[in-house]
Amino acid sequence: MKVKEGMKKVYRSRISVLLVGFILGVLIPAAIPMVKHSITPGLVTIGGVFVFIMFLLSGIRYIICDNKIYIKVWMFSCGSIEISYISSVKRSYNPLSSPAASLKRLRIDLIGGSIFSYTLISPVREQEFIQELKSLNPNIMINVPDKKGLWRIQDWDI
């Protein structure tokens, strides 16, 4: 994708402490017997799996360019969303598989032109992201409260 500088905005995905904790909660119980019985290849495999998952999660990017949102994981494209097809943006905590490294997500509802009716993403600077979408398509309905509260600890989102 060739673009002039300044015409694209890149937003990385938020990484949830809860999601990382869940991944560790799955991998650590499998690793305990391997530590107890000194099974080095198994420990190396589990460690490699954890590093690979964290590598993938840290590479999720949302790029707004040419009236589209391009979703990428490192250098690989995972699809795009035509901004003119977006009808609304809402808060979601839906745990479905999606290009989002957090459970605090934005649900982007789409009208026509797409096989899917919505997409879940989790940009770090979500208010700035939403303002950018709204500037490109003023017809988007926004329902994303930005509250600070009990579930926000040092800006960590769960």
Side-chain angles (χ1 to χ4, degrees), residues 1-27 45-149 151-158:
M1 137 179 87
K2 289 193 170 198
V3 233
K4 294 178 187 172
E5 272 310 304
M7 292 186 68
K8 73 176 181 177
K9 294 227 177 178
V10 180
Y11 299 87
R12 68 179 178 82
S13 178
R14 165 184 309 159
I15 299 177
S16 170
V17 174
L18 184 64
L19 192 59
V20 172
F22 176 76
I23 293 166
L24 287 173
V26 169
L27 295 177
T45 302
I46 287 178
V49 166
F50 179 74
V51 168
F52 180 69
I53 290 171
M54 295 315 303
F55 177 75
L56 287 178
L57 292 179
S58 67
I60 299 173
R61 302 281 185 267
Y62 313 108
I63 302 165
I64 297 178
C65 176
D66 300 330
N67 205 30
K68 286 188 177 185
I69 303 170
Y70 295 94
I71 301 169
K72 291 191 166 201
V73 177
W74 292 103
M75 64 198 124
F76 302 104
S77 178
C78 296
S80 65
I81 301 167
E82 188 77 40
I83 294 174
S84 61
Y85 293 154
I86 298 174
S87 63
S88 67
V89 177
K90 305 172 193 168
R91 169 72 64 224
S92 176
Y93 295 94
N94 190 333
L96 284 177
S97 177
S98 66
S102 174
L103 295 176
K104 183 178 181 184
R105 300 171 173 185
L106 296 177
R107 175 185 165 137
I108 298 177
D109 291 313
L110 305 169
I111 52 170
S114 175
I115 24 177
F116 303 108
S117 60
Y118 68 91
T119 301
L120 299 169
I121 62 172
S122 62
V124 168
R125 301 179 326 263
E126 68 181 23
Q127 290 303 317
E128 183 181 327
F129 181 84
I130 290 168
Q131 287 173 353
E132 184 69 23
L133 290 181
K134 195 77 168 153
S135 72
L136 295 170
N137 181 358
N139 298 324
I140 298 174
M141 300 294 295
I142 306 294
N143 185 11
V144 182
D146 190 31
K147 298 179 183 176
K148 302 226 181 232
W151 297 109
R152 300 268 318 237
I153 302 166
Q154 294 183 354
D155 206 31
W156 291 354
D157 296 305
I158 61 168

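Here the side chains of Val144 and Phe129 are not in contact, with every heavy-atom distance at 4.5 Å or above. Contact of the Ile121 side chain with the Tyr11 side chain is not registered, since no non-hydrogen atoms from C-beta on lie closer than 4.5 Å. Looking at Lys134 and Ile142, their side chains come closer than 4.5 Å, going by heavy atoms from C-beta outward. Residues Ile15 and Leu19 fail the side-chain proximity criterion, which asks for heavy atoms closer than 4.5 Å. A 4.5 Å side-chain heavy-atom check between Leu110 and Ile86 finds at least one atom pair inside the cut-off.
Using modelled atom types, no side-chain atom of Ser87 and backbone atom of Ile111 make a donor-acceptor pair closer than 3.5 Å. The backbone N or O of Phe76 sits nowhere less than 3.5 Å from a side-chain atom of Lys72 that would complete a donor-acceptor pair.
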**Report entry** Evaluation steps, side-chain contact (heavy atoms from CB on, under 4.5 Å), between Ile69 and Ile63
**Finding:** CA-CA 5 Å; Ile69 303 170; Ile63 302 165; over 6 Å; no

Report task. Evaluate the criterion side-chain contact (heavy atoms from CB on, under 4.5 Å) for residue pair Ile71 and Thr119; output intermediate values, then yes/no. Result -> CA-CA 11 Å; Ile71 301 169; Thr119 301; 4.3 Å; yes

Query - side-chain contact (heavy atoms from CB on, under 4.5 Å) evaluation trace for Tyr62 with Leu106 - result: CA-CA 12 Å; Tyr62 313 108; Leu106 296 177; over 6 Å; no

Report task. Determine, step by step, whether Ile130 and Ile140 satisfy the side-chain contact (heavy atoms from CB on, under 4.5 Å) criterion, reporting the C-alpha distance in whole Å, the side-chain angles of both residues, the deciding distance to 0.1 Å, and the verdict. Result -> CA-CA 9 Å; Ile130 290 168; Ile140 298 174; over 6 Å; no

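A distance of 4.5 Å separates OH of Tyr118 from CG of Leu96, quoted to the nearest 0.5 Å. The structure places CH2 of Trp74 at 10.5 Å from CD1 of Ile60, a figure rounded to the nearest 0.5 Å. Residue Leu120 holds its CG atom at 11.0 Å from OG of Ser102, rounded to the nearest 0.5 Å. Here the SG atom belonging to Cys78 is positioned 12.5 Å from the CZ atom belonging to Arg61, to the nearest 0.5 angstrom. The line from CG of Leu24 to CZ of Phe50 is 4.0 Å long, rounded to the nearest 0.5 Å. Ile83 contributes atom CD1, which lies 4.5 Å from atom CG of Leu136 (distance to the nearest 0.5 angstrom).
When all heavy atoms of Ser13 and Ala101 are compared, the pair lying nearest together is OG-N, 3.0 Å.
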Donor-acceptor pairs under 3.5 angstrom involving side-chain atoms of residues 51-59: please list them, not counting sequence neighbours.
from, atom 1, to, atom 2, distance (Å)
Ser58, OG, Met54, O, 3.1
Ser58, OG, Phe55, O, 3.0

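The salt bridge (Lys or Arg N to Asp or Glu O under 4.0 Å) test applied to Lys90 returns Asp109, not counting sequence neighbours.
For NZ of Lys68, the number of neighbouring non-hydrogen atoms (other residues, nucleotides, ligands) closer than 6.0 Å is 12 at most.
Checking each of Arg105, Lys104, Arg91 against Glu126 for a side-chain hydrogen bond (donor to acceptor under 3.5 Å, both in side chains) leaves exactly one that passes, namely Arg91.
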